[in-house]
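Hydrogens, waters and symmetry mates are skipped; everything else that's a heavy atom, side chains included, is used. Nothing here was measured: the structure is a model prediction, and the numbers come from that model.
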Amino acid sequence: MVFGSRQLTFLAVIASFTPSIVLAHAHLVSQTPAADVIVTPAPTELRLSFSEGIEPGFSGVTLLGPQLQKLVTGKVQLAQGDAKTLIVPLKTVPTEGDWQVDWHVVSVDGHKTHGSYRFHVK
């Protein structure tokens with residue numbers, strides 16, 4: 001099919017009024033403790049900051065210890081005044097060794113993402 005200049009102009013005008021679809025996901029931007037670091041003393045909470053706002057009711061974190069034991073955490077919550085940062089209180093202080101943080105979040109636009117990282121307590 002060949003389009004004339006009038007049809008191309010019409011298509012360009014229509015396309016300019018069509019909303020763009022942006023498929024964004026919340027990506028982990030920073031975390032405390034940071035990935036692959038040695039920390040002393042052991043943390044009492046985890047902070048995970050994302051590239052966009054998070055729905056805490058649909059998000060969660062699991063902390064696995066040196067013998068793959070699961071550490072009990074408190075309810076995830078947003079940092080005060082910051083919809084992009086999750087705070088995870090730790091009900092038990094992590095012991096010495098390697099710890100793995102597994103996280104999953106739902107961003108405010110409904111997209112799901114997940115990931116993991118490690119840190120070491122000395």
Is any side-chain heavy atom of [Y] closer than 4.5 Å to one of [X]?
{"X": "L46", "Y": "F119", "result": "yes"}
{"X": "Q77", "Y": "P89", "result": "yes"}
{"X": "L86", "Y": "P56", "result": "yes"}
{"X": "P43", "Y": "L90", "result": "yes"}
{"X": "D98", "Y": "P66", "result": "no"}
{"X": "E52", "Y": "D109", "result": "yes"}

In Å and rounded to the nearest 0.5 Å, what is the [atom1] to [atom2] distance from [X] to [Y]?
{"X": "T85", "Y": "Q80", "atom1": "OG1", "atom2": "CD", "answer": "12.5 Å"}
{"X": "L63", "Y": "S116", "atom1": "CG", "atom2": "OG", "answer": "11.5 Å"}
{"X": "K84", "Y": "L78", "atom1": "NZ", "atom2": "CG", "answer": "12.5 Å"}
{"X": "D36", "Y": "H120", "atom1": "CG", "atom2": "NE2", "answer": "12.0 Å"}
{"X": "L64", "Y": "D102", "atom1": "CG", "atom2": "CG", "answer": "5.5 Å"}
{"X": "S107", "Y": "E55", "atom1": "OG", "atom2": "CD", "answer": "8.0 Å"}

Distance flag, aromatic centroids of W103 and F50, threshold under 6.0 Å = yes
Side-chain heavy atoms nearer than 4.5 Å, only ILVMFWY residues, links allowed to pass through others: does that put [X] and [Y] together?
{"X": "V61", "Y": "V29", "result": "no"}
{"X": "L28", "Y": "V106", "result": "no"}
{"X": "V37", "Y": "W99", "result": "yes"}

What closest approach, in Å, do [X] and [Y] show between heavy atoms, and which atom pair accounts for it?
{"X": "V121", "Y": "E96", "answer": "O-CG, 3.2 Å"}
{"X": "R47", "Y": "A79", "answer": "NH1-CB, 4.0 Å"}
{"X": "S59", "Y": "V76", "answer": "O-CG2, 3.4 Å"}

Any donor-acceptor pair under 3.5 Å from T113 side chain to A26 backbone | yes
Heavy atoms from other residues, nucleotides or ligands near NE2 of H114 exceed 12 (cutoff 6.0 Å) = no
Do you know which of T73, T32, V88, I87 makes side chain to side chain contact (heavy atoms under 4.5 Å, CB included) with E45?
->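 Answer to the side chain to side chain contact (heavy atoms under 4.5 Å, CB included) test with E45 among T73, T32, V88, I87: I87.
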